[in-house]
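Numbers here are sequence positions counted from 1. Side chains included, hydrogens not; waters and symmetry mates left out as well; all remaining heavy atoms used. Treat the numbers as computed from the prediction; the structure is a model and nothing was measured.
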Amino acid sequence: MTETLIKLWSLTDEPFSDDAPDWNSFFDPIGMILHGKLESFDYWCTPTNSTTFASTGGDGVHYGLLDIGEGFADSSPVVMTVPMCDTPNTIVGANLLEFLALGCRQGYFSLEQLIYQRDNEIAALDSGEFDPEAGEDEIQLLTSISSAFDLKPWADHASRLSSLKDEFFGRVTAKTEPD
């Protein structure tokens with residue numbers, strides 16, 4: 001477990017410990033169910049060099065730390081895996097803090113729209129505003145994460161996502177055979 005993930009768990013109703021549950025749904029309303037054990041999901045498209053730390057709770061979408069030769073750490077790039085599409089993996093942060101900043105206004109559930117409706121999702125993210133459909137509870141959860149880590153929304157999502165793809169996507173190791 002990384003320091004950032006332990007700190008994220010500390011914001012929940014059940015802080016991380018050696019006997020933490022397999023998952024923590026405290027941030028479920030904003031699309032980030034935390035996983036207590038860092039292990040790779042077993043989907044056909046989950047990179048073999050990633051370990052899942054969170055999921056959205058919808059259609060198998062999950063977030064993993066990518067091992068690019070240095071193990072799994074706060075500095076690992078973050079890959080989003082969306083099993084229900086033909087191009088299932090996207091880099092969504094050069095590290096865990098950048099990933100948290102990506103979703104700090106719109107939440108983490110809607111990030112899968114970067115695969116399905118990229119332009120619409122980028123426009124929503126670029127607004128820097130909270131999701132207009134978010135309730136008070138969701139805004140409070142997003143604010144608590146932003147405050148705890150001093151997060152600022154990204155400025156130019158299309159450009160940054162393109163840079164992340166160029167820098168890290170070639171390091172994603174796909175399974176050699178489908179399940």
If we only count heavy atoms from C-beta on, is the [X] to [Y] side-chain gap below 4.5 Å?
| X | Y | answer |
| --- | --- | --- |
| Thr90 | Lys165 | no |
| Leu125 | Leu111 | yes |
| Leu142 | Phe130 | yes |
| Glu14 | Phe26 | no |
| Asp137 | Pro29 | no |
| Phe168 | Ile68 | yes |
| Cys104 | Ser146 | yes |
| Thr52 | Thr81 | no |

Atom [atom1] of [X] and atom [atom2] of [Y]: how far apart are they, to the nearest 0.5 Å?
| X | Y | atom1 | atom2 | result |
| --- | --- | --- | --- | --- |
| Ile115 | Glu112 | CD1 | CD | 9.0 Å |
| Lys7 | Leu97 | NZ | CG | 8.0 Å |
| Met32 | Tyr63 | CE | OH | 8.5 Å |
| His35 | Trp9 | NE2 | CH2 | 9.0 Å |
| Ser55 | Ile33 | OG | CD1 | 4.5 Å |
| Ser50 | Met80 | OG | CE | 13.0 Å |

Original post:
Can Asp22 and Lys37 be counted as an ion pair, charged N to O under 4.0 angstrom?
Top reply: yes

Can you tell me if [X] uses its side chain to pair, donor with acceptor, with the backbone of [Y] under 3.5 Å?
| X | Y | result |
| --- | --- | --- |
| Gln106 | Glu129 | yes |
| Asp28 | Gly57 | no |
| Ser144 | Leu141 | yes |
| Asn24 | Leu34 | no |
| Asp67 | Glu70 | yes |
| Asn89 | Thr46 | no |
| Gln113 | Ser110 | no |
| Tyr108 | Leu102 | no |

**OP:** Compare every heavy atom of Pro47 with every heavy atom of Val172, then report the nearest pair and how far apart it is.
**Re:** CG1-CG, 3.6 Å

Original post:
What are the two closest non-hydrogen atoms of Cys45 and Pro88, and how far apart are they?
Top reply: CB-CG, 3.4 Å

**OP:** State whether a side-chain donor-acceptor pair under 3.5 Å links His62 with Thr56.
**Re:** no

Subject >> Any side-chain donor near an acceptor of the partner, Thr4 and Asp74, under 3.5 Å >> reply: yes

Could you state whether [X] and [Y] fall into the same hydrophobic cluster, counting links through intermediate Ile, Leu, Val, Met, Phe, Trp or Tyr residues with side-chain heavy atoms under 4.5 angstrom apart?
| X | Y | value |
| --- | --- | --- |
| Ile91 | Val61 | yes |
| Ile30 | Trp23 | no |
| Phe72 | Phe16 | yes |
| Leu8 | Leu151 | yes |

**OP:** For side chain to side chain contact (heavy atoms under 4.5 Å, CB included), just list the numbers for His157 and Leu114, CA-CA rounded to whole Å, side-chain angles, deciding distance to a tenth of an Å, and then say yes or no.
**Re:** CA-CA 10 Å; His157 291 82; Leu114 290 168; over 6 Å; no

Original post:
Would Val78 and Asn95 count as a side chain to side chain contact (heavy atoms under 4.5 Å, CB included) if you check the C-alpha gap in whole Å, the side-chain angles of each, and the deciding distance to 0.1 Å?
Top reply: CA-CA 6 Å; Val78 176; Asn95 55 55; over 6 Å; no

Original post:
Within a radius of less than 6.0 Å around CG of Asp86, do more than 12 heavy atoms belonging to other residues, nucleotides or ligands occur?
Top reply: no

Subject >> Heavy-atom neighbours of Glu167 CD exceed 12 at 6.0 Å >> reply: yes

**OP:** Check step by step if side chain to side chain contact (heavy atoms under 4.5 Å, CB included) holds for Met84 and Tyr116.
**Re:** CA-CA 10 Å; Met84 302 305 263; Tyr116 298 118; 3.5 Å; yes

Original post:
Less than 6.0 Å separating the ring centroids of Phe99 and Phe53?
Top reply: yes

**OP:** Run the numbers on Val79 and Phe169 for side chain to side chain contact (heavy atoms under 4.5 Å, CB included), then give the verdict.
**Re:** CA-CA 9 Å; Val79 61; Phe169 193 76; 6.0 Å; no

